[in-house]
Amino acid sequence: MLRYVSRRVLYTLPVLWLVVSLVFLLIHLVPGDPIAQMLGEGAPAADLEAARHAYGLDLPLGQQYLNYWKGVLHGDLGTSLRYDQNVSRLLAQRYPYTLQLTLAALVVAILLSIPAGVHSARRRNQWDDRALSVVSLFGLSFPNFALGPILILLFSIKLGWLPVSGSGTFANLVLPAITMGSALAAILTRMVRTSMLEELSQDYIRTARAKGVPEGRVLWGHAFANALAPVLTILALSLGGLLSGALITETMFAWPGMGKAIYNAILENDYNLALVGLLVATFATIVGNVLADLALVAVDPRVSITEGAQ
């Protein structure tokens with residue numbers, strides 16, 4: 001296990017280097033002067049040149065690239081132009097909020113999808129199965145940037161049950177978590193239903209029912225336990241996507257995580273902060289792939305660690 005994880009970590013290094021290199025080049029090609037945005041368009045030319053020199057932005061692009069990697073290898077991810085503080089410190093302050101929101105969205109998706117998927121499979125082709133299929137299709141088709149404002153209008157402005165934005169309490173977390181978790185819940189519902197239908201058609205299920213095993217135990221103890229592998233795989237692979245999707249949700253609900261900071265960084269050409277944000281999202285996607293392999297091995301003893309990686 002340790003050898004497998006170590007090998008996968010080594011495989012991620014070229015991927016991280018390639019992502020950082022491409023993003024570094026592309027973000028420097030985006031029109032706009034981050035120093036002019038930071039100091040204001042009316043700032044004296046001498047002040048602009050002094051700030052560019054202080055941040056190393058007056059150097060050739062190749063030298064800036066080499067200096068960036070030298071800093072990364074020494075644990076220095078650079079300074080944010082917008083927030084005027086070390087990016088590593090900013091990441092340590094804000095990333096826990098993004099992780100909290102991501103985990104909450106996963107919980108919402110699991111709580112909604114698993115009971116719905118199992119019930120839909122048990123009631124195949126019945127009215128409630130069709131209704132759940134319509135709801136899940138609606139959830140897949142409805143984007144986060146449209147669902148969020150509707151939830152705000154309904155539960156915050158009209159009913160006054162939940163706060164519009166901010167953080168610090170459980171109530172602040174509810175609407176952003178539902179906004180992020182709804183699309184994943186729709187995907188998982190269909191995945192759980194498909195996996196359960198496949199398992200419920202197996203001979204061992206018919207044998208268990210013939211022996212008089214209670215239906216609840218047949219569904220959850222036998223069928224669902226064996227249908228869990230693809231569901232766990234989707235959950236693990238969704239980790240990176242949720243962390244990336246937090247950008248829109250955090251901005252919408254003024255959640256003080258990395259997503260909102262990255263959004264502002266991209267708008268204002270804050271190179272170092274944008275680079276770190278995209279690097280973290282890439283790393284989360286890679287970690288999700290490793291977790292998916294490990295989860296598959298954990299729930300299905302027939303799969304070896306090598307097979308799980310394929």
Q.
One pair to check against side-chain hydrogen bond (donor to acceptor under 3.5 Å, both in side chains): Y204 and N226. What are the steps and the verdict?
A. CA-CA 11 Å; Y204 74 91; N226 290 315; 2.8 Å; yes
Run D129 and R193 through salt bridge (Lys or Arg N to Asp or Glu O under 4.0 Å) and show every step you take. CA-CA 9 Å; D129 174 33; R193 180 184 183 275; 2.9 Å; yes
Note to self: salt bridge (Lys or Arg N to Asp or Glu O under 4.0 Å) for E215 and R209? Distances and angles first, verdict last.
What the structure shows: CA-CA 7 Å; E215 186 65 17; R209 285 172 171 165; 2.8 Å; yes
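The aromatic rings of F24 and Y65 sit perpendicular to each other, their planes meeting at more than 60°, with 30° as the lower class boundary.
Contact annotation: the side chain of L101 never approaches that of F253 to less than 4.5 Å [non-hydrogen atoms, C-beta and beyond]. V174 is not listed as a side-chain neighbour of W161, based on a closest heavy-atom distance of 4.5 Å or more. Put simply, the side chain of T189 does not reach to within 4.5 Å of the side chain of S120, judged on heavy atoms. Inter-residue side-chain proximity for W255 and R94 is flagged as unmet; no heavy-atom pair is nearer than 4.5 Å. At a threshold of 4.5 Å between non-hydrogen side-chain atoms, the residues L162 and I152 do not count as touching. No side-chain heavy atom of Y95 sits less than 4.5 Å from a side-chain heavy atom of L90. Within the 4.5 Å cutoff, the side chain of L91 has heavy atoms near those of the V276 side chain. Using a 4.5 Å heavy-atom cutoff, the side chains of L200 and L219 are in contact.
Counting non-hydrogen atoms of other residues, nucleotides and ligands closer than 6.0 Å to CH2 of W17 gives a total of 12 or fewer. The 12-atom threshold is not exceeded at CZ of R217, counting heavy atoms of other residues, nucleotides or ligands nearer than 6.0 Å.
Note that the OG1 atom of T179 and the CG atom of L151 stand 4.5 Å from one another [nearest 0.5 Å]. Residue L154 holds its CG atom at 9.0 Å from CD1 of I150, rounded to the nearest 0.5 Å. Within the model, atoms OG of S136 and CG of L112 stand 12.0 Å from one another, a figure rounded to the nearest 0.5 Å. Between the CG atom in N172 and the OH atom in Y97 there is a gap of 10.5 Å [rounded to 0.5 Å]. For the atom pair CE (M180) and CG (L173), the distance works out to 10.0 Å, reported to the nearest 0.5 Å.
Using modelled atom types, one side-chain atom of R130 and one backbone atom of N125 make a donor-acceptor pair closer than 3.5 Å.
Under a hydrophobic clustering in which Ile, Leu, Val, Met, Phe, Trp and Tyr are joined whenever their side-chain heavy atoms come within less than 4.5 Å, directly or via other members, V135 and L147 fall into different clusters. Under a hydrophobic-cluster definition in which Ile, Leu, Val, Met, Phe, Trp and Tyr are linked whenever side-chain heavy atoms come within less than 4.5 Å, directly or via other members, F170 and I178 are assigned to the same cluster.
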